[in-house]
There are 2 protein chains.
Amino acid sequence: MPGSVQSIERAAAILRLLARGSGRLGVGEISTSLGLAKGTTHGILKTLQDVGFVEQDKASGKYQLGATLLHLGTSYLDVNELRSRAINWADALASRSGEAVRIGTPLDGKVLVVHHVFRPDDSLQTLDTGTLLPVHATALGKVLLAYDSGVAAELAGATLEQYTRRTLVTPAALRKAVAEVRETGWAGEAEEFAAGQASIAAPIRGYGGYVVGAISIAGSVDRLYPSAGRVDQSLVTFVQNASRAISRDLGAGRW
Amino acid sequence: MPGSVQSIERAAAILRLLARGSGRLGVGEISTSLGLAKGTTHGILKTLQDVGFVEQDKASGKYQLGATLLHLGTSYLDVNELRSRAINWADALASRSGEAVRIGTPLDGKVLVVHHVFRPDDSLQTLDTGTLLPVHATALGKVLLAYDSGVAAELAGATLEQYTRRTLVTPAALRKAVAEVRETGWAGEAEEFAAGQASIAAPIRGYGGYVVGAISIAGSVDRLYPSAGRVDQSLVTFVQNASRAISRDLGAGRW
DNA sequence: AACGCCATTCGACAATGTCGAACGCTGGTC
DNA sequence: GACCAGCGTTCGACATTGTCGAATGGCGTT
């Protein structure tokens, strides 16, 4: 691999470590986690601090992520074509369906939420743009799993965490679900991620016809799966129409 | 400066460049902007691509920010103590005042929005968490300018951009406004950033009594400055109460 | 069909980051 | 109150590693 800058890879590893740990970490913890000398780790951390990517808690001496990253992340959203093209359609889908809408894209074998529209009328929700969702327990994830080979590759070998009683935890069950998605063109999920919640998703295709993301509605299982666990077909149609409209905007129509 | 890792600084400079330019940049543009050899720039870019911090547009060959940054930025919000402590108070302030609420912290001589609560009842607003606001044209910025010496230092020498007819563009006018903030303990702004809009802000103090951020309400100038350009004092009191409550939560009371 | 732009590759040089040991601080403990 | 342990930090020598500039190859344009 030519031109791979070692120190940058290490810096990125530190940032990811800080993001996972969801808290402050000390130089010692980081250096042992990554197998680096304490002095080396300190040098990288100090540099990251200079550029604002990490901050040091004066009291404990430990390090945490820095404010500059928030701005960079937001700037990414501004450039992201999938999101900017999808925003208008997402709003329309939310008001038509009456449910919360999310748009996701694959990232490291998970689903990154790049856009989130609150459920109309209900205002006590927290925005989760930037959150990572599991692939195997969400409708968004199943869609990406069905159409994006990279996601499937990165999931191979990972353990499927059980969130509720209905979460698909065996590879066989997941394979069957994914095959169903490929047949029908949409994915559903009822109480597999959170009790009482359900979601419906469809793929978004970019230029060349490749799947670049997915769009979903999420809400109470009583509304999405009203009659004895059977999905509300009109909601599925809403989601599919939105996904097709966005795909057309992204230039998937020409293929 | 011991242990400053050059390549990481350069990588950060590239990311900031991509964030500013708000679009895709080629290897050539980046290398000339930073005064680096094209080969060097390419190596750093390829590494940043490996770790997901940048993505390459297959069609044009140009580079843009990557999805991983969005997740890192969101992780920063989870750790940020100012934000997590302030969320509940911000919601209360929004419903009491009926206006949109923002919480800001200083970053590179600007104001970084770390939290944003929509105005109640009105749902057609775009979330601007992660956005950078100018210090000289917002109430949030004036507060930080008045109490945070670092912000003032970084602003020195910068030109004050004119957004509206009422924007304070001369250092003298800004100095006078800042002095007023220090006297009264709060900052206001009427149509200095956007026509028809106004805002009111107060400082948030952390452990030790130092100002770590500011909280503001923003909305129509007709509501915030109702009678002939005179501020609505009850709104100022709401903001000040919120700022004091958050400061107390952060441990500023002990000093 | 030929040009020019641009991302990419390559190899040699030395600048640069790495390592491990030693320092000094803070907080807890006997 | 003095010791100890753990932490972040500093330091200097070594060679690994990133840097540079020229050369390459592909793509779109003229």
Side-chain angles (χ1 to χ4, degrees), chain A residues 1-18 21 23-66 79 81 207-208 251 254-255, chain B residues 1-18 21 23-66 79 81 207-208 251 254-255:
Chain A
M1 223 170 283
S4 226
V5 183
Q6 185 192 60
S7 50
I8 294 177
E9 282 178 341
R10 291 176 170 176
I14 290 178
L15 292 177
R16 266 199 293 264
L17 203 63
L18 288 171
R24 289 174 256 269
L25 291 175
V27 175
E29 308 172 71
I30 296 173
S31 57
T32 54
S33 286
L34 270 55
L36 296 175
K38 220 162 43 162
T40 306
T41 307
H42 179 252
I44 296 175
L45 278 171
K46 202 164 145 38
T47 309
L48 286 174
Q49 183 177 225
D50 282 344
V51 297
F53 286 15
V54 305
E55 294 167 0
Q56 186 174 28
D57 183 44
K58 281 290 169 196
S60 63
K62 301 196 168 190
Y63 289 88
Q64 59 177 324
L65 296 178
V79 189
E81 204 180 346
Y207 184 77
R254 288 186 280 269
W255 285 79
Chain B
M1 225 170 280
S4 228
V5 183
Q6 185 191 61
S7 49
I8 294 178
E9 281 178 343
R10 289 176 171 175
I14 289 177
L15 291 177
R16 266 198 292 263
L17 203 62
L18 288 171
R24 291 173 255 269
L25 291 175
V27 174
E29 306 173 73
I30 296 173
S31 58
T32 53
S33 287
L34 269 55
L36 296 176
K38 220 164 40 165
T40 305
T41 306
H42 178 253
I44 296 174
L45 278 171
K46 200 165 148 34
T47 308
L48 287 174
Q49 183 177 224
D50 282 344
V51 298
F53 286 16
V54 305
E55 293 166 1
Q56 185 175 30
D57 185 45
K58 283 289 169 198
S60 64
K62 302 197 169 188
Y63 290 89
Q64 58 177 321
L65 295 179
V79 189
E81 206 181 343
Y207 185 77
R254 287 188 281 269
W255 285 78

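Order of the sequence lines fixes the chain letters, A, B, ..., with proteins taken first and strands second; residue numbering starts at 1 for each chain.
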K.L.:
Please check the phosphate of dT8(C) (OP1 and OP2 only) for any side-chain N or O of Gln56(B) closer than 4.0 Å.
P.N.:
yes
K.L.:
What's Gly39(A) touching, base or sugar-phosphate or nothing? Going by heavy atoms closer than 4.0 Å.
P.N.:
base
K.L.:
Between dT10(D), dC6(C), dG20(C), which nucleotide has the shortest distance from any of its atoms to the side chain of Lys38(B)?
P.N.:
dC6(C)
K.L.:
Considering only side-chain heavy atoms of Ile44(A), which listed nucleotide, dT18(C), dC19(C), dC6(C), is closest?
P.N.:
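Selected nucleotide: dT18(C).
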K.L.:
If only atom types and distance count, is the side chain of Gln56(A) paired as donor or acceptor with the main-chain N or O of Gly61(A) below 3.5 Å?
P.N.:
yes
K.L.:
Work out how far the P atom of dA15(C) is from that of dG11(C), and round it to whole angstrom.
P.N.:
22 Å
K.L.:
Hey, does Val51(A) have a side-chain heavy atom less than 4.5 Å from the side chain of Arg16(B)?
P.N.:
yes
K.L.:
Identify, with sequence neighbours excluded, every residue that meets salt bridge (Lys or Arg N to Asp or Glu O under 4.0 Å) alongside Lys38(A).
P.N.:
none
K.L.:
CG of Leu48(A) versus P of dG8(D): gap in Å, rounded?
P.N.:
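The distance from CG of Leu48(A) to P of dG8(D) comes to 15 Å, rounded to the nearest Å.
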K.L.:
Is there a side-chain contact between His42(B) and Tyr63(B), using heavy atoms and a 4.5 Å cut-off?
P.N.:
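They are in contact (side-chain heavy atoms under 4.5 Å apart), so the answer is yes.
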K.L.:
What is the distance, to the nearest angstrom, from the CG atom on Leu36(B) to the C1' atom on dA22(D)?
P.N.:
17 Å
K.L.:
What is the separation between atom CG on Leu25(A) and atom C1' on dC7(D), rounded to the nearest whole Å?
P.N.:
14 Å
K.L.:
Kindly determine whether Leu34(A) and Thr41(A) satisfy side chain to side chain contact (heavy atoms under 4.5 Å, CB included), including the steps that lead there.
P.N.:
CA-CA 9 Å; Leu34(A) 270 55; Thr41(A) 307; over 6 Å; no
K.L.:
What's the CD1-P distance between Ile30(A) and dT9(D), to the nearest Å?
P.N.:
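So the CD1-P distance, Ile30(A) to dT9(D), works out to 11 Å.
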K.L.:
Please report the distance, rounded to the nearest Å, between NZ in Lys46(B) and P in dG18(D).
P.N.:
14 Å
K.L.:
Between Tyr63(B) and dC6(C), does any side-chain N or O lie under 4.0 Å from OP1 or OP2?
P.N.:
no
K.L.:
Given atom NZ of Lys62(B) and atom P of dC5(C), what is their separation to the nearest angstrom?
P.N.:
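Nearest whole value for this atom pair: 14 Å.
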K.L.:
Using the closest heavy atom to pick a nucleotide of DNA chain D for each, name whichever of Thr41(B) or Glu29(A) lands nearer the 5' end.
P.N.:
Glu29(A)
K.L.:
Are His42(B) and dT8(C) close enough that a side-chain N or O sits under 4.0 Å from OP1 or OP2?
P.N.:
yes
K.L.:
Backbone N or O of Val5(B) within a donor-acceptor pair of the Thr47(A) side chain at under 3.5 Å?
P.N.:
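Looks like yes, one N/O pair under 3.5 Å.
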K.L.:
Provide, to the nearest angstrom, the distance between the CG atom belonging to Leu34(B) and the C1' atom belonging to dC20(D).
P.N.:
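Distance check: Leu34(B) CG to dC20(D) C1' gives 15 Å.
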K.L.:
Heavy atoms, side chains only, cut-off 4.5 Å: are Phe53(A) and Leu15(B) in contact?
P.N.:
yes
K.L.:
For the pair made of NZ in Lys58(A) and C1' in dT9(D), what is the distance, rounded to whole Å?
P.N.:
12 Å
K.L.:
At a cut-off of 3.5 Å, list every protein nitrogen or oxygen paired with a nitrogen or oxygen from nucleotides 12-17 of chain C, distance to 0.1 Å.
P.N.:
unit_1: dT16(C); atom_1: OP1; unit_2: Gln6(B); atom_2: NE2; d: 3.1
unit_1: dG17(C); atom_1: OP1; unit_2: Gln6(B); atom_2: N; d: 2.3
unit_1: dG17(C); atom_1: OP1; unit_2: Ser7(B); atom_2: N; d: 3.2

